[in-house]
*Asks:* 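Structure in structure tokens, see below.
So you know, we letter chains A, B, ... as the sequences are listed, proteins then strands, and number each from 1. Keep in mind it's a predicted model, so treat the numbers as computed, not measured.
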There are 2 protein chains.
Amino acid sequence: MKSGEGGGLGKRKAYILATVVYEYIATAEPVGSQSLTQKYNLGVSSATVRNDMAELEAGGYLVQPHTSAGRVPSDAGYRTYVDRLMEPELLQSEERHRIRDELRDASRELDEIIDNATRLLGRLSKNLAFVTKPQPDAQTFRHIQLIWLTARTGVAIVVTSLGVSAQSMFELAADATPDDLTRLSNALNARLGNRVLREVAEAEVAASVAEAALGEDVKQAVLTALRNARSAEAPTVSAAGAQNLLDQPEFQDLRKLRSILRIVEEQKTLYDLVADSMTSESASVKIGRELGQDEMTDFSIVTVPYRFGEQAIGMLSILGPRRMPYGRLMALAAGTAETLTERLIDVEIK
Amino acid sequence: MKSGEGGGLGKRKAYILATVVYEYIATAEPVGSQSLTQKYNLGVSSATVRNDMAELEAGGYLVQPHTSAGRVPSDAGYRTYVDRLMEPELLQSEERHRIRDELRDASRELDEIIDNATRLLGRLSKNLAFVTKPQPDAQTFRHIQLIWLTARTGVAIVVTSLGVSAQSMFELAADATPDDLTRLSNALNARLGNRVLREVAEAEVAASVAEAALGEDVKQAVLTALRNARSAEAPTVSAAGAQNLLDQPEFQDLRKLRSILRIVEEQKTLYDLVADSMTSESASVKIGRELGQDEMTDFSIVTVPYRFGEQAIGMLSILGPRRMPYGRLMALAAGTAETLTERLIDVEIK
DNA sequence: CTTAGCAGTCTTGGCGCCGGAGTGCCAACC
DNA sequence: GGTTGGCACTCCGGCGCCAAGACTGCTAAG
């Protein structure tokens with residue numbers, strides 16, 4: 001549950017802070033000096049704890065909901081707990097296996113795998129889980145196919161190493177034949193093979209179009225199609241477990257819940273909340289105001305990136321009350337991310 | 001607001017029932033005889049209304065939350081109101097235009113159009129809106145393309161009249177060349193053109209495979225791919241506006257909200273609730289227990305199918321408290337469905 | 001059949017009170 | 001100087017009580 005040193009706090013105060021956070025996470029009740037000494041063997045009296053708590057409050061780690069109530073951790077209190085006081089948790093091997101089993105059975109379609117992982121994480125964490133779907137532009141180009149539909153319309157399909165990633169309809173200013181599009185598809189495939197999508201340059205498309213002896217309008221259509229295929233402004237986010245939040249006592253206030261639901265529906269906002277955690281190596285945590293949204297002061301988010309090969313291509317996150325079991329949720333998210341990473345190797349198109 | 005005859009109720013009782021329902025929908029408070037006579041010009045005294053209300057209760061149209069409270073409509077009361085008492089509402093032409101404008105700007109991708117319509121309906125109705133996406137099997141076949149990825153893997157892309165509808169990865173038991181797949185694609189396209197997907201028979205696929213001189217394993221792969229492309233067990237459902245429900249007084253009880261959120265996440269359940277309304281000509285309404293789910297006794301759903309050409313291919317629904325403004329929501333859903341129907345013609349691939 | 005009047009019922013909200021938990025401070029102690 | 005027991009004080013939350021308000025059902029008269 002706790003231990004560690006805790007910055008310039010002094011050993012005992014750090015320990016008390018850790019215990020207060022731990023106890024508050026468990027009970028959702030402000031914790032007082034007396035109940036703390038009764039429940040935990042602190043080796044000092046409640047009066048001493050009281051003094052330390054007063055100093056922890058002065059230092060900004062704890063706050064009092066009102067005089068004559070116990071203390072509750074502040075953002076800084078949680079932050080210190082997460083960064084320096086809490087012991088990292090590990091998943092039970094039983095849970096580890098469960099995650100593996102549930103993700104293995106899922107289909108080989110990328111979207112379904114992601115959705116499955118999201119639901120699983122929602123269930124296990126008993127909070128709201130959300131997972132960003134991989135942006136195609138970090139994936140490797142495998143195949144493009146321009147399909148002729150009518151003389152002036154067609155659809156471009158791009159297949160990447162993680163599966164069919166996108167399709168995009170196009171219109172032409174001049175007539176084309178099915179054969180034109182096939183020639184161009186072949187030229188593009190020859191030229192772009194095994195390239196990371198992001199690095200495909202306009203000049204290469206232009207060269208292929210020229211090789212197929214087609215005009216400017218086709219070039220524009222292909223470029224647009226590729227751009228669409230590459231990435232949306234914000235990736236799609238899959239979410240699950242909103243109903244779990246209702247069990248938390250902090251949601252007696254429906255307005256909080258309202259803003260959460262709204263944010264979850266606006267996928268862009270949800271993505272922006274965690275976008276910068278993509279580059280993090282392991283689990284990262286944002287607590288309360290750190291999320292930068294007034295409506296989210298009572299929430300925290302744990303985020304872990306998942307990878308394809310070496311490259312981080314998406315993130316798993318858990319959103320819950322600020323009073324969340326950080327250690328456990330970080331372990332869960334990390335374990336699921338790891339399993340998802342392994343799973344993606346399985347479905348790679350080589 | 002009301003009027004009409006109302007079955008074997010007698011004119012005045014029907015009118016009183018209509019007024020009670022109307023008033024309860026507006027205020028969410030049980031309505032009593034006295035306040036009713038004060039607010040509406042019924043032409044009779046509160047004592048008379050009292051007597052009629054007692055009979056309406058005996059007839060099962062009204063219920064009392066407790067003695068000495070006003071009355072509240074029962075499922076049967078709402079049902080009678082919706083079927084026979086209420087006046088159909090029409091949308092303001094301003095609203096009509098707003099719907100048209102918002103749906104016009106959306107992209108030409110089917111999924112985005114549907115998502116847009118869902119969000120719009122959620123916003124306008126101030127309730128939870130959900131829309132089923134069209135099952136491909138009612139659409140017309142336009143093109144199939146088998147794309148060669150490796151000697152034993154490929155992906156099948158099916159394009160229908162409403163756009164790329166599905167892709168499906170396949171594995172082969174024996175090696176194939178890109179040319180094999182191209183030949184087969186051409187054979188299939190020649191044979192299946194302009195057919196409704198649902199009606200494509202196994203024999204036709206077999207004939208095309210034979211024509212391309214390919215084996216049983218390819219045939220199975222194509223059949224599976226077509227089956228996947230055709231329809232999932234239940235169509236995907238797009239939902240929006242869950243947060244609107246929080247404004248309703250009936251949601252002080254969080255357990256109700258919990259089950260709603262759960263059901264919305266389980267798309268299958270949501271779809272099953274309304275599946276049988278697909279064949280209905282206009283707006284259909286399910287009230288409380290009519291939904292056949294214990295957790296949903298306090299809710300109602302309004303559903304309107306939307307079409308592609310003559311054929312109903314999906315439904316727009318609004319889920320809200322049983323105490324919902326039926327007339328308005330029916331008009332809204334119908335108006336949105338109509339606009340969506342028109343919009344789909346625009347994006348048809350001819 | 002309708003209506004006025006009336007007694008009875010039930011919920012809701014305000015008020016005051018008390019108990020519990022916790023704090024801060026002080027003086028004593030090691 | 002840090003630690004501790006003791007004590008006075010504060011504040012929230014729950015409980016019981018009461019009064020107000022809103023309805024109902026019933027009865028008897030119009």
*Asks:* Taking only Lys NZ, Arg NE, NH1 and NH2, and the carboxylate oxygens of Asp or Glu, determine whether Lys286(A) and Asp276(A) approach each other closer than 4.0 Å.
*Replies:*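 A salt bridge is present here (some side-chain N lies under 4.0 Å from a carboxylate O).
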
*Asks:* I need the CG-C1' distance between Asp52(B) and dT24(D), as an integer number of Å.
*Replies:*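 Result: 15 Å.
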
*Asks:* Among residues two or more places apart or on two chains, list those pairs meeting salt bridge (Lys or Arg N to Asp or Glu O under 4.0 Å) that have a residue in residues 238-249 of chain B.
*Replies:*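 For residues 238-249 of chain B, and leaving out neighbouring residues, the salt bridge (Lys or Arg N to Asp or Glu O under 4.0 Å) pairs sorted by first residue read Arg258(A)-Asp247(B).
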
*Asks:* If you compare every side-chain N and O of Arg12(A) against the phosphate oxygens of dT3(D) (OP1, OP2), does one of them come in below 4.0 Å?
*Replies:*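 Yes, Arg12(A) has a side-chain N/O under 4.0 Å of OP1/OP2 on dT3(D).
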
*Asks:* The criterion is ring-ring contact (aromatic ring centres under 6.0 Å, His included); which residues satisfy it with Phe130(B), sequence neighbours excluded?
*Replies:*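 Per chain and number, Phe130(B) pairs via ring-ring contact (aromatic ring centres under 6.0 Å, His included) with no residue.
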
*Asks:* With sequence neighbours left out, what residues match Pro321(A) under side chain to side chain contact (heavy atoms under 4.5 Å, CB included)?
*Replies:*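 Counting only residues at least two positions away or on another chain, Pro321(A) forms a side chain to side chain contact (heavy atoms under 4.5 Å, CB included) with Asn127(A), Leu245(A), Gln248(A), Glu250(A).
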
*Asks:* How close or far is atom P of dC1(C) from atom CG of Leu42(B), stated in whole angstroms?
*Replies:*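 Taking atom P of dC1(C) as the reference, CG of Leu42(B) is at 19 Å.
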
*Asks:* Quick one: what's the B/S/- string for nucleotides 10-30 of chain C, heavy-atom cutoff under 4.0 Å, read 5' to 3'?
*Replies:* BS----------SBBB-----

*Asks:* Identify each donor-acceptor pair in which a side-chain atom of residues 28-35 of chain A lies under 3.5 Å from a protein atom, sequence neighbours left out, and give them as a table.
*Replies:*
from     : atom 1 : to       : atom 2 : distance (Å)
Ser33(A) : OG     : Arg50(A) : NH1    : 3.3
Ser35(A) : OG     : Gly32(A) : O      : 3.3

*Asks:* Can you list every salt bridge (Lys or Arg N to Asp or Glu O under 4.0 Å) pair that touches residues 57-73 of chain B, not counting sequence neighbours?
*Replies:*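 Every pair satisfying salt bridge (Lys or Arg N to Asp or Glu O under 4.0 Å) with a residue in residues 57-73 of chain B: Glu57(B)-Arg71(B).
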
*Asks:* How many whole angstroms separate atom NZ of Lys13(A) from atom C1' of dG2(D)?
*Replies:*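 In whole Å, dG2(D) C1' and Lys13(A) NZ are 13 Å from each other.
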
